[in-house]
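Quick notes on the structure that follows.
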Amino acid sequence: MRHSLTLLAASLMLATGSICAKDAPTTIPASAVQTAEQLRDKALHDDTAYKVVEGLTTEVGARLAGGVNDERGRDWMVAKFKALGFDKVYTEPVSYPLWVRRSEHGAIVAPFAQPLTLTALGYSPATPRGGLTAEVVQFASLDALKAADPASVKGKIVYIGERMQRHKDGLDYGRIGSPIRVQGPVIAQAKGAAGYLLRSAGTDANDRTPHTGVTGFTDPAKAIPAAALPNPDADQLERVLAYGKPVTVKLDLDCGIEGQYTGANVIGEITGSKYPDQVIAIGGHLDSWDLGTGAIDDGAGVAIAVGAAKVIHDLPQRPDRTIRVIAFANEEMGLWGGRAYAEKHASEVSKFQLGTESDFGAGPVWRMTASVKPEARGAIAQIAKVLAPIGVSYDAKKPGGGGSDLSQMHGKGMAALTLVQDGTHYFDWHHTPNDTLDKIDPKELAQNVAVYAVFSYMAAQADGDFGSAPGAFAHDGAED
Ligand SMILES: [Zn+2]
């Protein structure tokens, strides 16, 4: 009896000991902080990232998922990782429905006949041969459409004209633009609409450049032709509607889903010297829309991650943990690359030290938020201290989300940051022919590289982890 009590006491002590070890605060050694400061200052003057996005947008150009440039983009990325000296370069397959765009035309038929400039939305089906001609019914907002009597919608082309305003954090995209584009067509279809038009989800005032983007259609049998008007054409349509007469519009879209396509996530690694199987995951998405050259969305994101890994690669010694750069496949049509990645790697989530993805253009990072275990808050504060001199504030109260594709690994339990960029002008150009290299300021891009290099390196050298574990952050209400 006494013997087993001793054993019990011993095992209790062991258990207490292990709890103490688990709860020890994660810290970043002073030497790593010093190296991170040097990396930050070096990255501010490093042009690797700019050369990556310049090369990608010049030598490959637009990279519509599954389109003619998809494979060229992947080959280019593999070659670039190798040329920059990454230790390990590989791909992981990603399958998704192949959506193609061939042609798109629109016109007001009555009462004042005239052409409209527009662009089809991702997953929009084609209109019937000869086009779809129907009366337009206008709604002021998505909520107004939701509340509408289906009888008022049936057989008509639904139009929503709510306008986005510029915000540093892109607030109106999540609040207005994205829901109207993603959910609007699905709601209109369910109410019996024949087609769908929206004022583009964008903040440019008077360019005749419509903004494409994906819709929420998941079943081709329940999809209707859907397109975006640029602001001047949306204004024109609204002036015509204001006459109070029935307005008829013709849509002639040749686009749609044509079977399945298998692309790939392209991955490059700087292998850790001490814990090679523990990774810091950073990246962007390699695909883009087809209208521009995919510079800000998301050549910049890929370039930032590559540039950050490259300055770490060039240190005299490899970091303790692996820096993994993921160029994701087909983010644009529904996070296909990110979801495939999270499915494949969910069981290893505890090995993911910390991660986040850049997918909000090339404006400077101004705020950091984090979803980490409480014992790692001090390490995040150490990172924040190195980032403060380059304009990044740390909001300890908000969760991090990991960015677009890596939000999926965060959902599985990966500790994640959100590095918020200045997106004041991002939605002027997002998903339009204006998404081109000239929108990227090399200095601002380099600031992003510095931020990614600092946090990646400090996380790689940390004594302790950031709390990644299966389902660890299921209820933190991440922003992304
Ligand atoms: Zn993007």
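Only this structure's heavy atoms are used, side chains among them; waters, hydrogens and symmetry mates stay out. For ligands, and for the atoms within them, numbers begin at 1 and follow the listed sequence. This is a predicted model, so every value here is computed, not measured.
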Cation-aromatic face contact K88/Y90, 6.0 Å, 45 degrees: yes

Per the salt bridge (Lys or Arg N to Asp or Glu O under 4.0 Å) rule, what does the pair list look like for residues 325-335, sequence neighbours excluded? none

Check ion pair D75-R72 (N to O, under 4.0 angstrom): no

So, at under 2.8 Å, which protein N, O or S atoms would a careful student list around the Zn ion (ligand 1)? H285 NE2, D297 OD1, D359 OD1, D359 OD2

Any salt bridge (Lys or Arg N to Asp or Glu O under 4.0 Å) involving residues 297-307? Give me the pairs, sequence neighbours left out, ordered by first then second residue. none

Parallel, tilted or perpendicular: which fits the ring planes of F473 and H410, with parallel below 30° and perpendicular above 60°? parallel

Taking only residues two or more places apart in sequence, or in another chain, which ones meet A228 in a side chain to side chain contact (heavy atoms under 4.5 Å, CB included)? T119, L121, L198, S200

